[in-house]
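All values derive from a computational prediction rather than experimental measurement. Side chains included, hydrogens not; waters and symmetry mates left out as well; all remaining heavy atoms used.
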Amino acid sequence: EVQLVESGGGLVQAGGSLRLSCAASDFTFDDYAIGWFRQAPGKEREGVSCINSNDSSTYYADSVKGRFTISGDNAKNTVYLLMNSLKPEDTAVYYCAARIYPIKLSSSYGDPRMYDYWGQGTQVTVSS
């Protein structure tokens with residue numbers, strides 16, 4: 001059974017950095033996409049970033065461009081989200097999700113319905 005486990009969340013001051021990890025187990029697909037989403041209290045789940053395994057193409061939400069960087073380590077079956085210059089509005093539960101095919105359209109990466117597997121989430125809190 002495919003499992004995704006997020007880690008690396010925590011409490012950080014505004015302007016600080018965190019690196020989230022998404023470790024996938026029993027994930028044997030050749031080409032796939034891993035996305036990061038976040039959900040703040042009372043808000044809808046929002047697509048943050050996505051990376052395709054076949055060509056390492058990436059997508060980012062406008063709100064995080066230039067601050068967040070997504071990367072993958074295929075040997076470790078792990079995808080990372082490096083978050084710099086964090087802001088209080090970045091506070092949310094962050095989820096990683098896997099799709100068994102690459103994401104080809106920038107308009108699709110942020111749609112939760114495109115993904116097949118989800119992790120349990122990790123809390124990120126940014127204090128002002």
Side-chain angles (χ1 to χ4, degrees):
E1 180 181 353
V2 173
Q3 286 191 328
L4 302 176
V5 179
E6 302 95 336
S7 61
L11 174 63
V12 64
Q13 288 188 334
S17 299
L18 285 174
R19 189 180 77 160
L20 305 183
S21 299
C22 173
S25 61
D26 294 329
F27 198 79
T28 58
F29 304 99
D30 291 332
D31 296 327
Y32 54 88
I34 301 291
W36 283 98
F37 288 76
R38 66 187 181 186
Q39 189 165 20
K43 294 187 176 181
E44 292 187 353
R45 193 165 294 192
E46 172 192 20
V48 174
S49 185
C50 174
I51 185 168
N52 285 318
S53 67
N54 57 343
D55 61 3
S56 296
S57 55
T58 57
Y59 303 102
Y60 294 95
D62 288 342
S63 58
V64 306
K65 278 181 183 176
R67 300 188 298 121
F68 290 11
T69 303
I70 191 170
S71 62
D73 185 335
N74 289 339
K76 295 183 178 180
N77 272 3
T78 300
V79 169
Y80 305 98
L81 185 68
L82 175 61
M83 307 185 296
N84 293 324
S85 302
L86 282 162
K87 304 175 182 180
E89 51 263 44
D90 295 318
T91 295
V93 177
Y94 283 70
Y95 300 89
C96 69
R99 171 180 160 86
I100 62 174
Y101 301 103
I103 296 282
K104 297 185 178 181
L105 299 175
S106 60
S107 58
S108 300
Y109 83 92
D111 184 349
R113 298 171 299 177
M114 301 294 289
Y115 295 84
D116 304 292
Y117 302 98
W118 288 84
Q120 294 301 306
T122 184
Q123 176 71 45
V124 171
T125 303
V126 184
S127 63
S128 57

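Smallest separation of non-hydrogen atoms from S53 and D30: OG-O, 3.6 Å. Between R38 and S63, the shortest heavy-atom distance links the atoms NH2-OG, 3.4 Å. Here the shortest heavy-atom pairing between G110 and P112 reads O-CD, 3.2 Å. Shown here for I70 and I34, the closest heavy-atom pair between the two residues is CD1-O, 3.9 Å.
Using a 4.0 Å cut-off between a side-chain N of Lys or Arg and a carboxylate O of Asp or Glu, K87 and D90 do not qualify as a salt bridge.
Note on ring orientation: taking the six-membered ring where Trp is involved, the planes of F27 and Y32 are perpendicular (angle over 60°, cut-offs 30° and 60°).
Note that R45 lies outside the cation-pi zone of F37, set by a 6.0 Å cut-off to the ring centre and a 45° limit from the axis.
The shortest distance between side-chain heavy atoms of Y80 and S21 falls below 4.5 Å. The closest side-chain heavy-atom distance from Y115 to C50 is below 4.5 Å. Inter-residue side-chain proximity for L86 and L18 is flagged as met; some heavy-atom pair is nearer than 4.5 Å. For the pair L20/W36, a side-chain contact is recorded, criterion being any heavy-atom separation below 4.5 Å from C-beta on.
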I'd like a table of donor-acceptor pairs (distance under 3.5 Å, sequence neighbours excluded) in which one partner is a side-chain atom from residues 121-128, with atom names and distances.
from: T122; atom 1: OG1; to: G9; atom 2: N; distance (Å): 3.3
from: Q123; atom 1: NE2; to: A92; atom 2: O; distance (Å): 3.4
from: Q123; atom 1: NE2; to: T125; atom 2: OG1; distance (Å): 3.3

Inset, instruction - For the pair Y94 and E6, evaluate side-chain contact (heavy atoms from CB on, under 4.5 Å) and give the outcome as yes or no after the intermediate values. - result: CA-CA 8 Å; Y94 283 70; E6 302 95 336; over 6 Å; no

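Judged by distance alone, the side chains of D73 and T78 never bring a donor and an acceptor atom under 3.5 Å apart.
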